Each structure stands twice: as C-alpha cells, then as structure tokens.
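What follows is one structure encoded as structure tokens, with my remarks underneath.
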Protein chains: 2
Amino acid sequence: MQAASNIHSLERQLAHGTIGFAPLFMRQTIETAQSGTTIFFEGDAACHVFRIVRGNVRICRFLSDGRRLIIGFLGAGDLVGLSFRNRYMFAGEAIDEVSFSRMNKRTLEEELQLVPELRLQLLSQLRDEISAAQDHMLLLSHKNAEQRVCTFLLHRLERNEGRDGRTISLPMVRTDIADHLGMTIETVSRTLTKLVAKGILLPAEKHQFKVVNRSALARAADEDPDDDSEDADSGARYAGTRYQ
Amino acid sequence: MQAASNIHSLERQLAHGTIGFAPLFMRQTIETAQSGTTIFFEGDAACHVFRIVRGNVRICRFLSDGRRLIIGFLGAGDLVGLSFRNRYMFAGEAIDEVSFSRMNKRTLEEELQLVPELRLQLLSQLRDEISAAQDHMLLLSHKNAEQRVCTFLLHRLERNEGRDGRTISLPMVRTDIADHLGMTIETVSRTLTKLVAKGILLPAEKHQFKVVNRSALARAADEDPDDDSEDADSGARYAGTRYQ
DNA sequence: CGGGCCCTTGAAGGCCCTCAACGGAGGTGG
DNA sequence: CCACCTCCGTTGAGGGCCTTCAAGGGCCCG
C-alpha cells in the first residue's frame, strides 16, 4: 500500500508499464538503506531485483582508474535489476534515506513463465532502458555543458511533475550530477549559475530550483546556443515570455 | 545455410545467444541494399526485425540540428529491431553492399509466445544491448580521444577475431567513426596517425590496420595516459613487448 | 569552535574543435 | 587515355570550451 500512496510514482509506473510488477513486491518486506550506503555492488551475483519505495538511488559504474559514471537516478516506484544476467553490472547507492523491497530473481522468473502480461512489462521496461541509454549517449556525445544541464533539469522536472509543475528537486550532490553528465562539479556549478543569471532558473530551498522560463529551458536543452550573446546582464531577455 | 557459412558469425551468435532466432530467418527471402542506402528509417512504423547476412550496417540517430550519433555497427549474424516498441528509434544504413532478411514482428511475437527458449534469447539480446550502451556511455563521458579510438579498435579486432588475430577491418568512413565516438574526423585521423607513430598500429590495405602491439592498444584503451611523454620519436617504446 | 563536506568563483592551461588547404583514389565523359 | 570532379583522408594553425588547480564561504555536527 505504501507504494500506491504516491500518486506521481503511480503515474510513472503506468507510463512505464511496470505496474504489473508492483503486486509481486507487495508481499516482500521493506528494507531501508541509509544515505551513502550501497544497496548492491557492481560485480556481485545478481540474485535479486529491487523496487524503490521511497528515497533516491544512484546507479554507478566505475572505470579501472576510479573515475565514475552514473548511469541514472532512481526514485519511488522504479525497478532495478531486470537487465542483469549473472552479475550486477553496476552498483546501486542510496542518495538519501531509501526504502526498498527486493525479490528473488528465481521467483520472478517463475512468475514470468506463468504470466504473459508480466513478460510484456519486462520487455517494455528493457526497451525503456535502451531508449534512455541511447538518449544519454546523444547527450554525452554532442551536447555542450549548458545543453546537458538543461536536459537533465527537464528530466528532473518531468519526474516531479504534479507538485506545482515548476519545482526541480535535486537530492543528489554536484559530484553525482557531474558524473552523470560527463562534466566536472565546477562546470555544473558555473552552468547553473549562468542559468539563474539568464532568468531561466531561480534558486529555491536546499537542493531545489524553481523554473522561471520553461520554454527557454527546453530550447537550451536541445538547440545549439550559437546565437547566444553570453552576457550575464541579458538575464531579463526571457522575462517577457515567462512560462505559465 | 548462408549464415552458417561464416564461422565467426556463428561464434558471435552463440556468445550472444541469438542463434535461436536464426532458423526463423532462414525461411525468409534475402534482400540486398546498396552502399549508402537506408534499410529502415528512424520514426517509421517498426513492422520488421532484421538479420544481417553479409555486409555492414550503421545504426544512426539524429539531433534536431542535423548532427548524428551512430549507436553502433552491425555485421553478419547480427539482429536489429528487437528493442523497438512501435517506431524505429533509429535508422539502419548500409555501409557497403548488404544482404539481409526481414521478419514480420507479429510473426516473431507469435513464436515468442510459443517457444520459451526464444524468450530467453530475446532477453539475452536486450541485456547485451543495454550493457553495450552503458559501456559506450562510459567511453563518451570519461575517455579521451586516444582511449576512444583504441577502445573502438579493440572492439573491431574482437569482432574479426579468427582471421589472423591482428587485422582490424574498418569498412566505415572516418565520419562514421567520428559520429560513433563523439569526435571529429580530424581528431580521429590524427589519433590514428599517432597510434601508428607510436608503433601500436600499422597501416595495411584500404580500410585495414594491423595491430603491432595489442597489449599497448588495450592499455591505451582503458588507462589514463597521464604518464605518456607524447613524443612521436618514442615510437619504439613498445617494440620490446611486441604482442605475439 | 574546529573540522569536514558541499558549493561557488576565479585564473590558467590543455584538449579538442573549427577552418583551411592539400593529395590520393575512383568514377565519368570528352 | 587523360582531364575533371567528387569523396575521402590527412595535416596544419588558431581558438574556444571545459578541465585543472586553487581559494573561500556556508552549513552541519561533534
């Protein structure tokens, strides 16, 4: 019941077609992980599939020299582990206090044999993961710092959609964002500062921003900013077309 | 029978677990596509799944401004289209003369309902795609030009493994490599020149290189080249540990 | 209050991109 | 057969974007 208490999480599950798995996890006990702890390790035997009930999780891969790539961030209602063969290909770490339940992979596979509907959900989930990975490859290969940050902010905005439609929640630290977008924390920070100066964002509470100009944010996320004059004092430029 | 005639293709299929699909495609007619032509378009209704019999195919996604990302390259024995929902998320273009067969997606789905073994093969294929996409994100986010090119060359080498173990075939043009690795053609060219100067590669026939020093190539692919002195005259440095 | 973590801001430098020119290979037509 | 064109690959010069290095401030907690 706990999972269904969050209407936005429910919407996301319906959209992603993972609602079919939810009843299976309802029978499992709920565990908690403290901020900064690891829920599963890269390279471990992949015995379980996880479902996040509350909190935020980062999905990490490491290079041999210690550098890190964050594949993505998970929130309430998200599943992780369906794409593993024998070993976890990445680690899952709690960003804040996380509640989750786990399910034995063998049990899940038996269910998959019995329920055709579940198989379709699984396919849908995997295809979403592939699609998301390809979108992210596009970001990493061709987008500049501002486009990366704006794309990321839009994704976070859509994820939180339903509150007031213009609040972005960033529970992760700058290092996480940097390792997700293939940048340094300094460049992330500078880019956010620039977006505030441009009048697109407004700093709100800790780990939150307000979106002042959503269309400008969307434009900055996808288009080439060649025509930008790059002046800090041009912050009022977008004020006339304020969103909403 | 044509597909089984290539022993390397067969090995790859066994490793990737896609051999189960091959018999289904044997019943289909074989089509050909000339170099440069498009086999399926991004955005089109995804009615078919394709299987490459001969030749090379590039998988492309485009940004709004015309820039291009090449997700990957396919060769004999490879399948494409299993990860689509309703529309092709990317285009498939023939690099050289390509033979392929196609299969109606509806037919495939009926087979999937009947044959549990096929379902496992499908899952395996999708997990491989996710894994490859994540590896590529790592490349795009954290590797420099030399590491990118070396990683790509190693992949090509493994793909052609069995010939003589040290010949790399690059049927695609520089623009394709650049759009795959998130670089410009100039940087790709310069990096290849540098690898030749370092004594790691040797230019061979058109669209081919010989690997002189495979361990150096592997090291350059994954490690941070901070300790490199970057001198062209240091080309003999690796000669003492020549591979094979 | 001190220390650690997080974030921001500044200055300098490097890596890669952009722009440009050139040479070779392959195809076509005079 | 060769001139001509196009495509492809290479090489050079210059500049821009982002990284690296460094310093400082805010916040939290022991």
Side-chain angles (χ1 to χ4, degrees), chain A residues 34-36 58 65-68 93 95-97 139-150 170-197 201 203-209 220 224-230 232, chain B residues 34-36 58 65-68 93 95-97 139-150 168 170-197 201 203-209 220 224-232:
Chain A
Q34 293 307 308
S35 170
R58 58 175 174 250
D65 60 1
R67 284 175 297 180
R68 188 179 66 158
E93 299 174 358
I95 290 176
D96 39 26
E97 190 175 318
L139 178 148
L140 292 172
S141 64
H142 281 105
K143 293 192 175 181
N144 64 24
E146 184 170 325
Q147 294 172 321
R148 291 179 194 210
V149 170
C150 290
L170 300 178
M172 69 291 295
V173 296
R174 292 286 183 274
T175 312
D176 293 337
I177 300 176
D179 285 348
H180 181 51
L181 300 180
M183 309 163 53
T184 59
I185 55 172
E186 294 94 334
T187 306
V188 171
S189 181
R190 272 186 261 266
T191 307
L192 285 172
T193 303
K194 196 164 83 174
L195 291 175
V196 171
L201 289 184
E205 300 166 42
K206 190 169 179 60
H207 288 187
Q208 283 197 351
F209 283 94
D224 201 275
D226 271 346
D227 52 333
D228 267 344
S229 47
E230 307 296 23
Chain B
Q34 293 307 307
S35 170
R58 60 174 173 252
D65 60 2
R67 284 175 297 181
R68 187 179 68 155
E93 299 175 0
I95 289 176
D96 38 25
E97 190 174 319
L139 179 148
L140 292 172
S141 64
H142 282 105
K143 293 192 175 180
N144 64 25
E146 185 171 324
Q147 294 172 321
R148 290 179 196 209
V149 170
C150 290
I168 296 175
L170 299 179
M172 69 292 294
V173 296
R174 292 285 182 274
T175 312
D176 292 338
I177 300 177
D179 285 348
H180 181 51
L181 300 180
M183 308 162 55
T184 60
I185 56 172
E186 294 94 335
T187 305
V188 171
S189 181
R190 271 186 261 267
T191 307
L192 285 172
T193 303
K194 196 164 83 176
L195 291 176
V196 170
L201 289 184
E205 301 167 40
K206 190 171 178 61
H207 288 188
Q208 284 195 349
F209 282 94
D224 201 277
D226 272 344
D227 52 333
D228 268 342
S229 47
E230 306 294 24
D231 274 343

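Labels below follow one simple rule: chain letters A, B, ... track the order of the sequence lines, proteins then strands, and each chain is numbered from 1. Model, not experiment: these values are computed from the prediction. Keep in mind that the numbers below use all heavy atoms, side chains included, and drop hydrogens, waters and symmetry copies.
For dT19(D), the OP1/OP2 oxygens have a side-chain nitrogen or oxygen of T187(A) closer than 4.0 Å. Contact between the side-chain N/O atoms of H207(A) and the OP1/OP2 oxygens of dC7(C) is found at a separation under 4.0 Å. Neither OP1 nor OP2 of dC6(C) sits under 4.0 Å from any side-chain N or O of T175(A). Close to dT9(C), at under 4.0 Å from its OP1 or OP2, lies no side-chain N or O of R190(A). T184(B) has no side-chain polar atom (N or O) that falls below the 4.0 Å cut-off from OP1 or OP2 of dC16(C).
The closest side-chain heavy-atom distance from Q147(A) to L139(A) is not below 4.5 Å. Using a 4.5 Å heavy-atom cutoff, the side chains of L192(B) and R174(B) are in contact. Using a 4.5 Å cut-off on side-chain heavy atoms (C-beta onward), V149(A) and K194(A) make no contact.
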Open item on the list: The test is side chain to side chain contact (heavy atoms under 4.5 Å, CB included); show your working for K143(B) and L181(B) and say whether it passes.
Closed with: CA-CA 10 Å; K143(B) 293 192 175 180; L181(B) 300 180; over 6 Å; no
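Closest to the side chain of A145(B), from the set dC16(C), dT8(C), dT10(D), is dC16(C). Nearest to the side chain of M183(B), among dT8(C), dC17(C), dT19(D), sits dC17(C).
E186(B) places its CD atom 15 Å from the P atom of dA13(D), with the value rounded to the nearest Å. Residue I95(B) contributes atom CD1, which lies 12 Å from atom P of dC8(D) at whole-angstrom precision. Atoms CD1 (I177(A)) and C1' (dT8(C)) sit 14 Å apart, rounded to a whole Å. With rounding to whole Å, L140(B) atom CG is found 19 Å from dC15(C) atom P. D176(A) has its CG atom 15 Å from the P atom of dC5(C), to the nearest Å. Rounded to an integer number of Å, the gap from CG of L201(A) to P of dT8(C) is 12 Å. Between the CG atom of L181(B) and the P atom of dC17(C) there is a distance of 11 Å, given to the nearest Å. The CG atom of N144(A) sits 15 Å away from the C1' atom of dT18(C) (whole-angstrom rounding).
Nearest-nucleotide mapping onto DNA chain D: of K206(A) and K143(A), the residue sitting toward the 5' end is K143(A).
Tested against D179(B), the residues R58(B), R67(B), R68(B) include a single salt bridge (Lys or Arg N to Asp or Glu O under 4.0 Å) partner, R68(B).
Heavy atoms of G36(B) sit nowhere under 4.0 angstrom from any nucleic acid atom.
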